[in-house]
Structure formats: C-alpha cells, structure tokens
Amino acid sequence: MRIIKNIDEMRAYSQKKKNHGKTIGFIPTMGCLHDGHLSLVQAAKKQADIVVVSIFVNPIQFGPGEDFKRYPKNLSNDKRLLNNFDIDVLFLPDTKKMFPQGFKTYLEVEEFSRKMCGRSRPNHFRGVTTIVAKLFCLVCPDFAFFGQKDFQQQLIIKTMVRDMDFPVEVVALPTVREFDGLAMSSRNRYLKPKERELATVLYKALCLAKEEIENGEKDLRKILIRMRSLIGTVPSIRLDYVVIADPETLEEVKAIKGKLLVALSGSIGKARLIDNLIVQAK
Ligand code: PAF
C-alpha cells in the first residue's frame, strides 16, 4: 500500500494508471474505519483495477460547535486494516493544501442539501460536495463507493455527479450493522456502554415503520407517532427528525405508497446518529 500525502503526486499517480488503461475505485473516508468502510473497500477491489482510499477529516462539513476537533482518529489501526485488504493507495491529503489561504469555491446541490440533516446542519452538505468534488479531481476515479447509511449524502453526490458530468460512477452499498442492528458509524465510538445499548431504539423505530408499512398500514401519521413514541421511551435521545420521504426527491410523502425512505436522526450523549431503511409499501 502506497501512502500519498501530496496532492500533485496523487493526480500524477492516477493519470499514469489511467494512461495504462487501469480503472480506479475510490472510497473517500474521514478515517476511524469500521466494517462499513471495509465493505466498500471489498466492493471496490472487485470492481476496479486500482483501489484508492482517502482519509481526510474535512473541516468545511462541520458546523460551529460540532465535533470537528474531537472527531475520532486512529490512523495506525486504519493503516493496518487497509493493509489487510491490500489496497493500492492510501491518500492522506494535508488540510492546508486542500484549503489554501483564500479558498472561496464551494459546490452545492440545492434543495436536497436543505432537507433532513440539512435543516439542523445548514452548510454540511455543501462541505461534503465541495470536498468530494475536489477529491474526484485529484483521484480521477472511475467508481466511487458510498454507504446507504448516509442515504442523503449518496443521493446528493449522485446528483452532483450527474449535474457536473463527473466521469465517475457512484456505487451505493447497503448499511453494515452491529449484531443488534445499530448502523456502523465512526461516531458510535462516542457512546458510553449504556448509551450504546439505548441507541438501538433508533433502528427499532425504523423496523417498526417497515413492519407496519409492509403489513399494509396506510396511516402515515400513526406510523410517525408510533416511531416517535418508541424513541420517546429513551428520554436521553434528542430526536432531530423522523421522516417518511420519497427516496428520489427526499420530499416528505403525503401517502403510504410505492418505495419509501424512512429516515431519522437523533443524538445520544456526544454522538449524533443517523439511520434509514428503504421500504416498499403494499
Ligand atoms: O461520509 C464521509 O465520511 C464524509 O462525508 C466524506 C464522504 C468522506 C466526505 O468528507
């Protein structure tokens, strides 16, 4: 595994591989890797000749008072995990090179970036699209891999790729869960043991909605009330949102029909958690 820190070296490496007819699979991450990330690495290994993973804790996707400064880091473990997968490049760009003084350019996918997580994190998605666009320009991937846990993020990135004609295929892969259903996330490390146990109520609420919808429940309000009251049994959860939305537009639906995105976000202790399920109504 080659480690590249310099952005010009990264671009030159990718250009050279492409000139030799190789395809590049790319997994952008913020590190503190878990099995969710590793499932993306595995998929990239199958689909592309060269696999590049980046680790970069992107300052511009964090709002004031969020966890940028304490975002979990474990580079030596990340390197060990990636070495086991025999990836080609670990790209570790430098913040000052990624955002030189005077940096002023942002890329934003309108509308989608304002919904769901975007309501309480107003500049989050423009930070994500800006860094992902920049990483795409440096790594020049043919395929880029993202997890469905961040459903809104992968939809926004797919939209950006379509609108800007980036020559990359965005591949979204299923959420990887812990044994009890909690979606894997680097932020799970913030949870104390009791919080970790209680956090599973979020997945339980999604499963409740899925079961009701699949059993033919058509009363949207009732489903949302039941989800909220289940989550309410854990008073330490600060619920941000629960929505049942159209997975293509993120617009909250008015009726239970077709394919639905059931999504939520809540905080417990120091961790803000998100999760979702795609459900097919009867
Ligand atoms: O999902 C993440 O870890 C980040 O939002 C990403 C895509 C690496 C951009 O910083």
Side-chain angles (χ1 to χ4, degrees), residues 4 7 10 24-41 43-44 51-63 66-75 77-78 81-82 87 89-95 97-99 103 105-109 112-113 115-118 120-139 141 143-161 164 166 168-176 183-190 263 265 271-276:
I4 298 183
I7 63 178
M10 184 68 247
I24 300 178
F26 177 45
I27 302 105
T29 82
M30 299 207 296
C32 210
L33 304 179
H34 51 69
D35 284 354
H37 297 112
L38 299 177
S39 74
L40 306 181
V41 173
V51 174
V52 178
V53 175
S54 66
I55 297 181
F56 181 67
V57 183
N58 171 30
I60 63 165
Q61 70 185 74
F62 292 81
E66 290 186 354
D67 55 342
F68 172 61
K69 288 221 169 90
R70 60 185 168 90
Y71 194 81
K73 290 179 190 68
N74 196 345
L75 188 56
N77 193 52
D78 291 347
L81 291 171
L82 293 171
I87 65 155
V89 174
L90 171 59
F91 181 36
L92 300 172
D94 177 67
T95 309
K97 288 279 171 353
M98 291 301 268
F99 298 111
F103 184 92
T105 308
Y106 293 85
L107 193 59
E108 181 165 6
V109 174
F112 290 173
S113 298
K115 295 180 193 294
M116 293 166 49
C117 289
S120 50
R121 306 187 74 194
N123 289 322
H124 169 66
F125 288 112
R126 88 171 188 160
V128 171
T129 38
T130 302
I131 195 66
V132 171
K134 185 150 178 158
L135 289 166
F136 282 177
C137 292
L138 298 171
V139 176
F143 310 100
F145 297 82
F146 295 88
Q148 291 272 6
K149 181 191 60 92
D150 300 282
F151 187 92
Q152 185 173 12
Q153 169 171 279
Q154 60 83 30
L155 180 71
I156 287 173
I157 290 167
K158 276 185 182 155
T159 308
M160 171 186 86
V161 162
M164 301 308 289
F166 278 112
V168 54
E169 184 188 324
V170 175
V171 183
L173 290 165
T175 304
V176 178
M184 288 201 181
S185 162
S186 307
R187 289 190 167 98
N188 291 352
R189 286 165 208 241
Y190 295 147
S265 169
R272 183 179 188 278
L273 304 174
I274 56 172
D275 202 353
N276 68 81

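Worth knowing before you read on, the calculation uses all heavy atoms, side chains too, and leaves out hydrogens, waters and symmetry mates. Read the numbers this way: they start at 1 and go in the same order the structure lists the ligands and their atoms. This one's a predicted model, so the numbers in the text were calculated from it and none came from an experiment. All residue numbers in this chain count up from 1 along the given sequence.
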**OP:** Give the atoms of ligand 1, by number and element, whose distance to some non-hydrogen atom of Ile131 is under 4.0 Å.
**Re:** 9 (C), 10 (O)

Original post:
Could an N or O of ligand 1 be found under 3.5 Å from any N or O of Thr29, whether backbone or side chain?
Top reply: no

**OP:** Check ligand 1 against Gln153 and write out every atom of the ligand that is under 4.0 Å from a heavy-atom position of the residue.
**Re:** 1 (O), 2 (C), 4 (C), 5 (O), 7 (C)

Original post:
With sequence neighbours excluded, what pairs up with Phe136 under the ring pair (Phe, Tyr, Trp, His ring centres under 6.0 Å) test?
Top reply: Phe166

**OP:** Answer with yes or no whether the side chains of Tyr190 and Asp67 bring together a donor and an acceptor at under 3.5 Å.
**Re:** yes

**OP:** Have a look at Lys149, Gln154, Met30, His37 and point out the one with the heavy atom closest to atom 3 (O) of ligand 1.
**Re:** Met30

Subject >> ring pair (Phe, Tyr, Trp, His ring centres under 6.0 Å) partners for Phe99, two or more places apart >> reply: Phe103

Original post:
N/O of Gln61 under 3.5 Å from N/O of ligand 1, yes or no?
Top reply: yes

**OP:** Return the orientation label for the Phe68 and Phe62 ring planes: parallel under 30°, perpendicular over 60°, tilted otherwise.
**Re:** tilted

Subject >> Electrostatic pair Glu66:Arg121 at N-O distance under 4.0 angstrom >> reply: yes

